[in-house]
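All values below were derived from every heavy atom in this structure, side-chain atoms included, with hydrogens, water molecules and symmetry-related copies excluded.
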Amino acid sequence: MRAIAKIREDIAACDKELARLLARRMDCIGEVIAYKKSHGMPILQPEQEARQRKLLADILDGAPYEEEQLQVFECILKMSKKVQAKALFARNIALIGFMGAGKSTVSHCLKDMLAMEEVETDAMIVEAEGMAITDIFAKYGEPYFRNCESNAIIELQDRRQVIISCGGGAVMRDENVENLKKSSQIVLLTATPETTLERVKDSDERPILNGHMNVEYIAQLMEKRREKYEEAADIVIATDGKTVIEICEELIRKLNGMEGGREEN
């Protein structure tokens, strides 16, 4: 049996080599992102991720500590995604738009594909108040809810590398827009009234549409909010007829083509 001091020396040597290889791997991730951007390639490539996982599974099949090594590589893949996100976004991404525009769906996809932190202002309010949004509206009224929304946005000012999915009425207050812009690029997601109705018609968590679940009312409310949405937005993305991956790719491409904080014309 080897002396424990010698074993520990070997562990330290392994750690040193692993650190060197991990740094090299992260450098390669940076090169991949630079190559994709310079050649106009899609940033999000879920099929490549699937191939990578299969390759690792094949390499480690039957190997000693197979399960543990696979878990280590899962962590490495997650950290590689974070490297990609840092290379792409220096600030938060705030998603705004009318209900049913796809904010939550896009937020979930970006979280999975880029290992970014995800926050929904509505969820923050529900947790803080200990009740559903419909109950907050019923018990305290909309002004109280809007104050909670403003407070949630203020709480997020010092965070970075976060996807913020904002409630549909969040940017109706100028102060909310100002506070979002302190740390975020604002992305407006849009959808037609017809698409919106199709997406929200079965939801019972849309208090502002109670008794008005129809295209005409949705169109009227959208028009009331349109100017505020467009003034707040750094970029605008129509979501109708697109897959979530297509929407996220367009978002990444547009945010990385921005100059001076707003979309290039």
Side-chain angles (χ1 to χ4, degrees), residues 26 29-53 74 76-123 156 159-168 170-171 180-181 183-192 195-196 198-200 229-230 232-259 261-265:
M26 297 308 176
I29 296 298
E31 288 186 65
V32 167
I33 289 296
Y35 186 93
K36 286 180 178 179
K37 289 170 70 172
S38 66
H39 288 76
M41 294 174 62
I43 299 295
L44 304 179
Q45 295 183 313
E47 68 284 352
Q48 172 58 27
E49 185 177 327
R51 284 194 295 269
Q52 198 169 9
R53 281 193 164 88
E74 278 298 319
I76 291 172
L77 290 175
K78 182 178 180 179
M79 293 305 104
S80 296
K81 291 179 180 181
K82 284 184 174 292
V83 169
Q84 292 186 69
K86 287 181 179 180
L88 293 167
F89 310 117
R91 312 179 76 213
N92 299 329
I93 301 170
L95 303 175
I96 66 169
F98 199 77
M99 63 190 78
K103 297 186 295 292
S104 294
T105 302
V106 170
S107 178
H108 296 339
C109 181
L110 289 172
K111 174 189 174 183
D112 291 341
M113 300 305 296
L114 294 171
M116 294 179 71
E117 186 181 356
E118 175 188 34
V119 174
E120 291 192 2
T121 56
D122 284 356
L156 295 168
R159 307 272 287 276
R160 293 295 182 274
Q161 297 299 124
V162 176
I163 308 156
I164 304 170
S165 182
C166 300
V171 296
L180 282 171
K181 285 184 177 292
S183 60
S184 307
Q185 292 170 309
I186 299 179
V187 178
L188 170 60
L189 302 180
T190 68
T192 65
T195 297
T196 300
E198 183 62 28
R199 291 173 178 174
V200 306
Y229 281 161
E230 292 177 353
D234 292 312
I235 65 170
V236 181
I237 298 176
T239 64
D240 302 274
K242 298 174 184 174
T243 68
V244 65
I245 291 292
E246 288 171 340
I247 296 167
C248 290
E249 275 293 342
E250 184 176 344
L251 180 154
I252 291 170
R253 186 175 66 252
K254 285 187 173 182
L255 285 182
N256 278 275
M258 286 169 55
E259 288 185 352
R262 295 187 70 86
E263 183 179 358
E264 291 180 17
N265 294 318

Decide yes or no for [X] and [Y]: does some side-chain heavy atom of the first lie under 4.5 Å from some side-chain heavy atom of the second?
X: Asn256; Y: Phe89; result: yes
X: Lys254; Y: Val236; result: no
X: Val171; Y: Leu188; result: no
X: Leu88; Y: Leu114; result: yes
X: Ile237; Y: Thr190; result: no

Would you be so kind as to tabulate the donor-acceptor pairs closer than 3.5 Å made by side chains of residues 40-48, with sequence neighbours excluded?
{"from": "Gln45", "atom 1": "OE1", "to": "Lys36", "atom 2": "NZ", "distance (Å)": "3.3"}
{"from": "Gln48", "atom 1": "OE1", "to": "Arg51", "atom 2": "NE", "distance (Å)": "3.3"}
{"from": "Gln48", "atom 1": "OE1", "to": "Arg51", "atom 2": "NH2", "distance (Å)": "2.9"}

How many angstroms lie between atom [atom1] of [X] and atom [atom2] of [Y], to the nearest 0.5 angstrom?
X: Lys82; Y: Ile29; atom1: NZ; atom2: CD1; value: 14.5 Å
X: Ile93; Y: Ile163; atom1: CD1; atom2: CD1; value: 5.5 Å
X: Asn92; Y: Arg160; atom1: CG; atom2: CZ; value: 6.0 Å
X: His108; Y: Leu110; atom1: NE2; atom2: CG; value: 11.0 Å
X: Leu189; Y: Tyr229; atom1: CG; atom2: OH; value: 10.5 Å
X: Ile186; Y: Leu255; atom1: CD1; atom2: CG; value: 11.0 Å

With side chain to side chain contact (heavy atoms under 4.5 Å, CB included) as the test, would you mind laying out the steps for Leu251 and Leu95 before giving the verdict? CA-CA 10 Å; Leu251 180 154; Leu95 303 175; 3.9 Å; yes
For the pair Glu250 (side chain) and Ile247 (backbone), establish whether a donor and an acceptor sit closer than 3.5 Å, ignoring hydrogens and angles.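 Flag not set: sc Glu250 to bb Ile247 has no pair under 3.5 Å.
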N/O donor-acceptor pair under 3.5 Å between Lys81 side chain and Leu77 backbone: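 No; zero donor-acceptor contacts below 3.5 Å.
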Taking only residues two or more places apart in sequence or in another chain, which ones pass side-chain hydrogen bond (donor to acceptor under 3.5 Å, both in side chains) with [X]?
X: Gln161; result: none
X: Lys86; result: none
X: Ser165; result: none
X: Thr195; result: Thr192, Asp240

Kindly give the heavy-atom pair with the smallest separation between Val200 and Gly100, and that separation in Å.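 Reported closest heavy-atom pair: CG1-CA, 3.7 Å.
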What closest approach, in Å, do Ala115 and Lys78 show between heavy atoms, and which atom pair accounts for it?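 Result for this residue pair: CB-O, 3.6 Å.
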Any luck finding a side-chain donor-acceptor pair between Glu120 and Ser107 under 3.5 Å?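 Checked: Glu120/Ser107 side chains show no N/O donor-acceptor pair below 3.5 Å.
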Going by distance alone, is a donor N or O of one side chain under 3.5 Å from an acceptor N or O of the other, for Thr239 and Arg199?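 Checked: Thr239/Arg199 side chains pair up, N/O donor to acceptor below 3.5 Å.
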By side-chain contact (heavy atoms from CB on, under 4.5 Å) - contacts of Ser38 (at least two apart):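 Counting only residues at least two positions away or on another chain, Ser38 forms no side-chain contact (heavy atoms from CB on, under 4.5 Å).
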Qualifying residues under salt bridge (Lys or Arg N to Asp or Glu O under 4.0 Å), relative to Glu249, sequence neighbours excluded: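 None.
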Which residues pass the salt bridge (Lys or Arg N to Asp or Glu O under 4.0 Å) test with Glu74, not counting sequence neighbours?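 Per chain and number, Glu74 pairs via salt bridge (Lys or Arg N to Asp or Glu O under 4.0 Å) with Arg53.
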Pairwise salt bridge (charged side-chain N to carboxylate O under 4.0 Å, His left out) hits with a residue in residues 87-104, at least two apart: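 The answer is none; no pair qualifies.
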Pairs in or reaching into residues 107-118: which pass salt bridge (charged side-chain N to carboxylate O under 4.0 Å, His left out), with residues at least two apart or in two chains?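 Found Lys111-Glu118, Glu117-Arg159.
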